[in-house]
Each structure stands twice: as C-alpha cells, then as structure tokens.
Amino acid sequence: MEIRSGTTMGLRAVEHALTQLWSQAASAELREEGHALIRARALTLIICSLAEGDTSGLASIVDEISDKHPCRAIVIVPAEGDAGPGLEASLAVYCRASVGSGAHVCGERITISVASDAVGELPSALRSVLLPDLPVFVWCRGPLPSYSKVLQSFLDFSDRIIVDSGDFPEPLALTEFVARGQIGPAFSDLAWTRLTSWRQLAAQFFDSPNFRPYLKSLNHAVIEYGAPGGRRHGIAPEALLLGGWLASRLNWRPRERSPLSSSTLELVQNDRTILLDFRSVSSQHDLVSLRLTAQGDPPALFSVARLKDPGCIETKAEVTGAPPITRIAHAKDESLVHLLSSELGIVGHDAVFEETLLAAETIASHVSRVSQT
Amino acid sequence: MTVATESNPLREGLRLERTPEPLTMVIFGASGDLTRRKLIPALYNLAHERLLPGGFSIVGIAKSEMNDDGFRAAMRTALETFSADAPVEAGIWESFARGLRYLSEDFRDAGGYKKLQALLAELDRERGTCCNRIFYLATPPSFFTDIIRQLGAAGLARVDHGWTRIIIEKPLGRDLKTAQALNRELAEVFGEDQVYRIDHYLGKETVQNILAFRFVNGIFEPIWNRRYVDHVQITAAETVGVEGRATFYEEAGAVRDVIQNHMLQLLALTAMEPPIALDADSVRSEKVKVLRAIRRPSRDQVDQFAVRGQYADGWVDGERIVGYRKERGVRPDSNTETYAAVKFLIDNWRWAEVPFYLRTGKRLPKRVTEIAIQFKQPPLLLFRRTPSSQIEPNLLTLRIQPNEGTSLKFGVKLPGPALQIRQVYMDFDYAASFGVELAEAYERLLLDCMLGDATLFARRDGVEAAWSLLEPLLEAWESTAARGFPNYEAGSWGPREADEFLHRDGRRWRRL
C-alpha cells in the first residue's frame, strides 16, 4: 500500500500532511487487513541527489532499506525548470511486505525538489523535518565536488555522511573531511564497505595461531583490480583502500625514496621492506584478488580471489611443504541496498576507515609522483 | 613454529565479526535427527556467512554404516530439507563438504576412539585445524557416560596444544541425583570451562533481548521489583503433542521437558540482578543466585504451588486430536503430565512475595512463549466516574515466539467530553520494525562455543539448582497418581484447576 500527497507543498506543511496521510493509511489498513497499522522509525535518511540526475529507482531503494532500517527518507532532487517555489515537497507513506521476512513494514518518503537558486535554503528546511532524537544519515550520490558546498552545510546536523568514492574523479577526495578527526559527523565510503568481505577473509587467515606469526614476515602484497569502466585513470579506489588498510593495520610506511613504478611501492616496517603492487587486470569487478606472500620457515602465500562464479570467492593458505587449505566463501551481497544498509547500522566514527583513508592517500601521493615524473 | 599470543591487528575495528580459530567439530550421533535438522543447517549457514574459519571440519560418528561420501550426501539432503535458506549454493557446499568425514563406530568401543584420534591428527595436518576440537553429544543421554569416559581414556579431552570443548544437550539428568552424577562424570574428564550445556532457548534473539531490554534502558530497572510488580506470568504453550517422542516424554513430562530448563532460564533472566560485567560467569552467577533464592516447597506443600494436567481428546488448529493416553507409545494409564503450572516465590529483597507463575503444556490452542510482567494498580484510583473494570494494571510483555517483540499496555483517555479510559498497547514488533528474519538459535550457540563464550550456556551449579528446586514436586507427582487424568481438552488452555490455582491468589491467567 502506498498513499501519496496529491499535491506538492512547502516544507512547513509537511508534518501535518504526513499525519493526515498516516491517518488515511491506518484506516485503509484496518479496513483491508483488519488490524492496526504498526510503524517504527529508527533514523532519518537524507538522500541528496542534486548531482545525480537519474532518480529512478530511488523509491524502491528506500523501500528495501526500510526493511532493516525503518526510517523517514528525505530525497532531495533538482527542480525541473526554474519556475515555481525554491523548495517543494511531495510525500508518500507506504506499508509493504518485507522481501526478507514477509512482515509488514511501513515507512515515509519526503521528496524535496530544489530550484538552483534555493540550495542555500536547504539546510534550514531540512532541520524542520528531521525526526527528533534519532540519528541523521546523509547519502550523497555522485561526484563529491559537485555538492561539496551543500555537504558543508550538512555537517551541522548529520551523524553520518555516506558517499561512494567509486564515483569520484579523485578517489580519495573524502580525505579532506576525514582529516578533521572526531569533530563533526562520521563518514562512510561505499568503496570501503565493498571491502568488508575481502578484509574479513584476509583477516581470517591470521586468526589461526599457526599463521599469525606470518603477519610480521609479509614481504609482498599484490592487489589486482579490474579496469574501472573507463571512468577514471589510475588505481581503483577499492584497491587503494585495501592497500591503505594493510598499511595502517600492519604499520607499513612508504619508503622516502621514489616508488619503483606508478603501481608498485616500497614500504617499510622496522627494518623490513614490503613491496605493494597494484595490478590492473581485465575484469568487470573493481577488486579481483589479494595475494600476501610471507617469508618464514617455511614461506607461505595467502590469497583471496574472485572466482568465475560471481557469487563466490576462494581463499587459499599455502605453506610450503604442507597441503594448501582452500575454501570457497560466499561473496557478500554488494548491491547498493546492502551496502547502504551496512552503513546505516553504524553510529559513530569508524576509526579504522579513517586511518585507512589517510594511509591510502599517502600511498596514492607516492605513486602519483612517478606518474608526474 | 611459534604459537601466536598476540591479537590479530587485521581484526581491529567495526564491521568484522570475530571468527573462531580453525577447529574440528566431532558430532556423536551424526546420523540422528538433531544433526540433520539443526546442526548441519546451522553450520552450513555459518559457513555461508563466512563466519567459520578456513579448514573447518566435521567428523560425524554413529553406528550407521556409511563412508565419507555417504555422509556428505546424507547431509546435503538434510540441508535441502531443513535449511531455512534455500537453495544450497553449489560452490559453498562443495567447499563445506570437503571438511566432512565419517566414522561408523560403537560409542562404547575404545577402538573407535583410536581411529578418531588418528583422523583428528590427519585433519590437523591437512586442513590446519590446530588441535582445536568440539565434541558434540547429539545422542540420547544414555550414551553420555560412555562417550565421556572413552574420550577421557583416549586422551582426547585435554590436549597440550589447542583447546577442547564438549557440548551436551538436555536432558541433563532426569532429577538432581542423575544431574549431579552426570556433572561428576564430566568433571572427571573435563574442566568446567570446557563444558557447554546447551539450552537452545538462550540462543534466541528474543531471549537475549531480555538482558538488553533490562540493562540498556534506564527507565525499567527502578520499577523492576516488588514495589511496582504485582506478579509475573511466564508461558510456554505448544499446540503439538509428543510428535513421535512418546518413549522419551513418558519418562520426562512437562516439568522435566520444559520447566526445569527453558522456563527457569527465562525466570532467571527476568529476575536476576544486573551483573557486574557481561562475561559468562558474571551473568551466570546472577542467574544461579536467583534460582537459589527461590523458595523450595516441601512435598506436602506441592499442591499449593503446582498443578498438573494431561490432555484428552479435542480439537487443535481445526484438527481432531486424540488424548495423550491414546498416543502411540503412551501407556493407557499414564501418569505423565503434559501440562504444568507452578508458582515460584523468590525470597530476596527485590522479589519477596511477588509470585512468578510458570505454565507450559502440549496441545494448547496456540504456540506462544512469553514473559508478562503485571504491575500494581496505582495507589489511588482518581477516575471514580470511570468503571473500575476499565482501569487495568499496566502490563509489559516480552514475546519470545512467535510475533517476537515487546509491548506495554497502558491507559489513555478516550477522545470526547467524558473521562473514559481505554487500554492501549505500545508495541515493538521485531518483524514489523526490522523486516528481517531473526537468526537461528543454534547458529549463535555453536559460534559462541567455538569462540569460547559460555554466556549462553548453562553452568553446572545452575543446572543442579534448577533440579534441586523441582525435586519435591517431581517426587510428589511420581509417587501419587494424578487425580482425574486426563483433565483438559486438547485445544483448551489447560485444566480448570490451573485457573483456580490463580484465582486463589486473586489473579487470573492472561488471555493469549
């Protein structure tokens, strides 16, 4: 069931109009289903689509996200044409059977269309329709620079801002915001979220007490990434973030002298040198494989690699002289809905992500020196 | 190779759930129902969610003749039949199945344990299982002692490297004496920190939510005591009958099957003091304290504290049901109770004179498990013009299954000129609020055991305290034939005596 406001309205009228829509929905629910309508809201989700013109499909994304995170969703889109008020809202309330459990889940959606000269009014208007006492998440779609001014204004009232650096021309542009530290909202990058399976599978090797000592003798890391669809040059952001994660967790620092190439870097940990290789391969996937080689007695190789079956990833631990231990793992759902849902479950700064981002930026700046010379 | 003592730095931070060290799970009774219905689906789901370590292995042991491939095929069939998540993914299954092995052995034969030892060593070498083992006794209790002793004799209970744990399922004894004997057998071979006694209720999300609800929210704890609570009702009602387990049930009955374990755990979680920490022993110690504070009636007083029942013919879910004594495998003069209602009084400062009424039964009208906390009426009823029958006490309900969630009943004024009060429910429903399916209890419990977290498992003293409490009742009921059995119709809410039991206290059972 979905009930929409028949007309658009100014933002002052939104709360009252929502109450009326819910009243209609409750009557309909009682009439058709014979029971009262139950709804819960856990957060406000603002979807800023000012930079991303294509908003088709957003409603269904919001619906699916609401299954796990019942919310008031506020979708911000550019106004069509320049005539009319600067900010106009249209509303929808809905109840639907959850895809997962079949349970009845209800939610509300406020779509605000913004004329180009009314962008400055947006933050104040948004504050009037936020749910009290509940966290505010902002998902900014599209490349960062195109909405960075709006983003600045969101910093005031947001608890978490979600972007996807896969859409950025400069993949690590978020660093500027993260470098502010604990002040202000936390940041999420869906490119980082896409790495969760990889990080989990890589970390699992070293949960074994037999393999953990190899962490201190890793001497070569190879990260393969797919050609990024021609959208940008350079190393895919997921690959950079994965490299940054290893470096920040294992305390690898780039050696001061020039890197070996535009994709290979020497890092050091104490007196030990580690080669970090980024390799582009032909693949539709952003991340293809991770291989970690360790010296030791005996040496070992740990790898995580996508298989031809897109739903599967293979992990392999090969210690010289011993049978390899392989496993096929389910590749985590990387749909947009799943990635966003993961981020909406986190309140507070993700210190590991922030340290990773800074480390990735250091790595990127070192390899870019070679590109420039 | 040096053994790592430091933590894994790649695990730091959010999002990465802790996963266990590599291990082998040895399932005794692997051809049985529990393995097929619950254990393998739970383990496969854990593997699917990448929560199991690489190299995770299972050794199934049972008397049925089978080889490794036969066991794998049987478990694949079980998965397809009983797994909530369908379909089975071929790649994941093949990887999972590579770790399955089978031994066809008599649990009493020492030779079988030598073979097991050799197989475990082979798995350590080939699959890197690091000498970590869990022994799961998915067998009838009559085999427990043999298996425990044989594991000890074979040197499998304690190892120089790695860790070893043992999981046993209820029934943990059939009375205090046998429970103590079982615990002694276990203690001769395993340390208490190696023993994991499963009560699958504790793995339910909604049961874990009891602690979260009580101790995350500051508003409830100040009223969670005798000053504000009138009484607590805990119900575990089933619509099903014995379902082919008559032999077991005839010896058990409702008290042993449900009250001694699941329901007393629910009571303990509801009544316990806040623990000083959320570690296993702190939580379990508080639960044991509550059980020890419960007044133990003498045999002569049992009738004042308990009512028993047995179902007769009736109708449940539109189906004609025969009475318990007519079920296959049940004696025609059976004295076994299929219904029990028991009043517990906790003699401590928090709960003195607040009765906890527990009821459970088979072939009741609905399947429902819940904890209902009824609060006292206000000290003064100001709304004199409102009929007093419209003013009901506040009720907080924790629904364990189905319709998992929490609700609070309170009174509001009806819109209009008259001052009329109507009761309303403020309701949190897991499904309607978070439209996701709740995790299976066994997945959580198995993972916790692999991680060495015993919080959701019963401790030795808790098991014995629960049996001790029920000893007079069990002795009284076993030694006297029940009057008037069968005494409730299948599809009703139990015997009339159970209603009278509460009426005597000026209370009544919730209408569910």
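Throughout, a chain's letter reflects where its sequence line sits, starting with A, and its residues are numbered from 1. Please read all numbers here as calculations on a predicted model, not as lab measurements.
Residues B:R50 and A:L201 are in side-chain contact: their nearest non-hydrogen atoms beyond the backbone lie under 4.5 Å apart. By the 4.5 Å heavy-atom criterion applied to side chains, B:L10 and A:R212 are not counted as neighbours.
Both the backbone and the side chain of A:A329 come within less than 4.5 Å of a heavy atom in chain B. Contact annotation for B:L23: neither backbone nor side-chain heavy atoms come within less than 4.5 Å of a heavy atom of chain A. Using a 4.5 Å cut-off between heavy atoms, B:P53 contacts chain A through its backbone alone, with no side-chain atom that close. With a 4.5 Å cut-off on non-hydrogen atoms, A:S342 does not touch chain B at all. Heavy-atom distances place both the backbone and the side chain of A:T196 under 4.5 Å from chain B. Residue contact with chain A, scored on non-hydrogen atoms closer than 4.5 Å, involves the side chain of B:R98 exclusively. Heavy atoms closer than 4.5 Å to chain B are found in the side chain of A:L250, but not in its backbone.
Side chain to side chain, B:E89 and A:H330 meet the donor-acceptor criterion of an N or O pair below 3.5 Å.
Evaluation of the ring-ring contact (aromatic ring centres under 6.0 Å, His included) rule for B:F56 yields no partner, not counting sequence neighbours. B:F410 pairs by the ring-ring contact (aromatic ring centres under 6.0 Å, His included) definition with nothing, not counting sequence neighbours.
Taking both residues in full, the closest heavy atoms of A:N210 and B:C130 are given as ND2-SG, 3.6 Å, listed atom of the first, atom of the second, then distance.
At distances below 3.5 Å, not a single donor-acceptor pair connects side-chain atoms of A:D207 with backbone N or O atoms of B:P22. Judged by distance alone, the side chain of B:E94 and the main-chain N or O of A:I328 form no donor-acceptor pair under 3.5 Å. A:R327 places a side-chain N or O within 3.5 Å of a backbone atom of B:L52 that can act as its donor or acceptor partner.
Distance check, rounded to the nearest 0.5 Å: CD of B:E21 to CZ of A:F211 gives 12.5 Å.
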Take A:Q204 and B:R11 through the side-chain contact (heavy atoms from CB on, under 4.5 Å) test and state the conclusion after the steps. CA-CA 8 Å; A:Q204 270 183 348; B:R11 278 268 164 233; 3.2 Å; yes
